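One structure below.
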Amino acid sequence: MLTPTEAAWLAGFLDADGCIRLSKGTKNSKLNQHSLIPQLLAHNTCVVTLNRVLILFEKMGALSVTSLRKRYSAQHAKMANILSLGMKRVEPILREILPYLVTKRLEAELMLRFIELRKSRRHRNAPYTASEYRIYTAMKYLKKSRHLRDYTPTVEEILDQDIVRTSAKALEEAEMSSRLTAEQQSARAAKMVWYRKDRTMPL
C-alpha cells in the first residue's frame, strides 16, 4: 500500500510524464485475436525522479522494465523509461492513484473497467469480447487528441459515442484552434467548459 502522499505524488507524475494504455500483443491464430496488455509507462530525463517511481511501483508489487531512449538531438538528455505491464501489476497501482489523477483519470477508469471484465471471465485466455475491444478503441483514440478528453468526460459517454464522429469533431476543433490567437483560444476554451464533467471549475 502507498501512503496518501506517495499515491498523490505518483498520480501527479503519471498525469504529466506517464502513459496508461492497452497495447496489442501477439495474435492467437486459433481465436484470430490479438492479446490486449495493460501497461503503465513512466518516462523522464531525471534518473533520481524515475528511481522514486520505480520504488513506488515495486512497493505495489509491480516488477518493471527500465530502458533508455535516444532523443532527436544530441543536445537533449537521454530519456529513461519505466514500463510495468499486465493486469496483476497495473491494477493495484491504478486503484491506489485513481482518486488523485486528473488528466489521465478517464484512461485509468477505462483500464480498470477492462481489467474487471477480464477478471469476470472463467478462463484467463478466454476470447476478448466486443466490450473489451471497444475499451481498447476508446483508449486508442483518447491518445490521439487532447480535444477528445474534453468531449468525453466519463467512461459511459466515451463508450456510447461513435468514435468516427467524435474523432471528426476533435479534428475540427484542432484545426479551428490552430487559426486563433492565444487570447482567442482562451476565450473559446472558456465557453467549452460547460461540456466537461468539472463544468463548475474555472480553467
Side-chain angles (χ1 to χ4, degrees), residues 1-26 34-119 124 132 135-150 152-153 155 158 170 174 197-198 201 203:
M1 294 284 290
L2 301 178
T3 67
T5 301
E6 289 172 336
W9 183 89
L10 184 58
F13 180 86
L14 293 176
D15 259 341
D17 286 333
C19 181
I20 303 170
R21 67 188 180 192
L22 276 172
S23 177
K24 268 191 176 181
T26 56
H34 286 275
S35 59
L36 298 176
I37 307 170
Q39 294 186 352
L40 277 180
L41 176 66
H43 46 83
N44 201 277
T45 57
C46 179
V47 176
V48 176
T49 302
L50 283 183
N51 278 340
R52 178 169 171 79
V53 174
L54 190 60
I55 290 171
L56 296 181
F57 273 21
E58 290 178 346
K59 187 175 180 180
M60 294 300 300
L63 299 178
S64 307
V65 177
T66 59
S67 62
L68 288 174
R69 186 174 66 193
K70 292 182 179 179
R71 305 298 295 278
Y72 296 109
S73 170
Q75 296 177 345
H76 295 111
K78 287 185 178 179
M79 181 74 75
N81 302 313
I82 296 176
L83 175 65
S84 187
L85 65 162
M87 293 194 303
K88 290 183 179 180
R89 297 184 178 97
V90 169
E91 182 183 15
I93 297 175
L94 288 183
R95 294 202 181 280
E96 286 281 309
I97 67 174
L98 183 64
Y100 307 100
L101 285 171
V102 179
T103 307
K104 296 186 173 71
R105 185 181 180 90
L106 179 54
E107 283 96 326
E109 290 175 342
L110 285 168
M111 180 72 81
L112 290 172
R113 178 76 64 88
F114 172 85
I115 291 173
E116 287 168 3
L117 287 173
R118 290 305 294 169
K119 289 172 69 175
R124 180 181 176 185
E132 289 164 345
I135 291 175
Y136 165 75
T137 303
M139 293 186 70
K140 178 181 175 183
Y141 275 87
L142 279 172
K143 299 297 180 199
K144 285 192 172 185
S145 171
R146 179 67 185 89
H147 293 279
L148 281 179
R149 291 194 183 121
D150 294 330
T152 52
V155 171
I158 189 173
K197 187 177 181 181
D198 55 345
M201 297 176 62
L203 288 177

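No experiment lies behind these values; they were computed from the predicted model shown.
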Of the non-hydrogen atoms in [X] and [Y], which two are nearest, and what is the gap between them?
| X | Y | answer |
| --- | --- | --- |
| Arg89 | Ser84 | CB-OG, 3.6 Å |
| Ala7 | Ile97 | O-CG2, 3.6 Å |
| Arg105 | Pro99 | NH1-CA, 3.7 Å |
| Leu2 | Glu96 | N-OE1, 3.1 Å |
| Pro92 | Met60 | O-CE, 3.5 Å |
| Ala108 | Leu98 | CB-CD1, 3.8 Å |

Requested in this report: With side-chain contact (heavy atoms from CB on, under 4.5 Å) as the test, would you mind laying out the steps for Gln39 and Leu22 before giving the verdict?
Outcome: CA-CA 6 Å; Gln39 294 186 352; Leu22 276 172; over 6 Å; no
Spacing of [X] atom [atom1] and [Y] atom [atom2] [to the nearest 0.5 Å]:
| X | Y | atom1 | atom2 | value |
| --- | --- | --- | --- | --- |
| Arg95 | Leu112 | CZ | CG | 4.5 Å |
| Cys19 | Met139 | SG | CE | 8.0 Å |
| Leu110 | Arg21 | CG | CZ | 16.0 Å |
| Leu41 | Asp17 | CG | CG | 10.0 Å |
| Leu14 | Ile82 | CG | CD1 | 9.5 Å |

Query raised in the report: For residues 2-11, which residue pairs qualify under salt bridge (charged side-chain N to carboxylate O under 4.0 Å, His left out), counting only residues two or more places apart or in two chains?
Result: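 Qualifying pairs, neighbours excluded: Glu6-Lys59.
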Query raised in the report: So, the side chain of Asp15 versus the backbone of Leu101: is there a donor-acceptor pair under 3.5 Å, distance only?
Result: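 Checked: no pair found.
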Is any side-chain heavy atom of [X] less than 4.5 Å from a side-chain heavy atom of [Y]?
| X | Y | value |
| --- | --- | --- |
| Val53 | Asn44 | no |
| Lys24 | Leu36 | yes |
| Val90 | Ile20 | no |

Requested in this report: Quick one: do Leu10 and Ile93 satisfy side-chain contact (heavy atoms from CB on, under 4.5 Å)? Show the steps, please.
Outcome: CA-CA 9 Å; Leu10 184 58; Ile93 297 175; 4.0 Å; yes
Requested in this report: Let me see the working for Phe13 and Leu50 under side-chain contact (heavy atoms from CB on, under 4.5 Å), right down to the final yes or no.
Outcome: CA-CA 10 Å; Phe13 180 86; Leu50 283 183; 3.8 Å; yes
Query raised in the report: Which residues satisfy the side chain to side chain donor-acceptor pair (under 3.5 Å) test with Arg52, sequence neighbours excluded?
Result: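 Per chain and number, Arg52 pairs via side chain to side chain donor-acceptor pair (under 3.5 Å) with no residue.
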**Report entry** Ion pair check, Glu109 and Arg113, cut-off under 4.0 Å
**Finding:** no
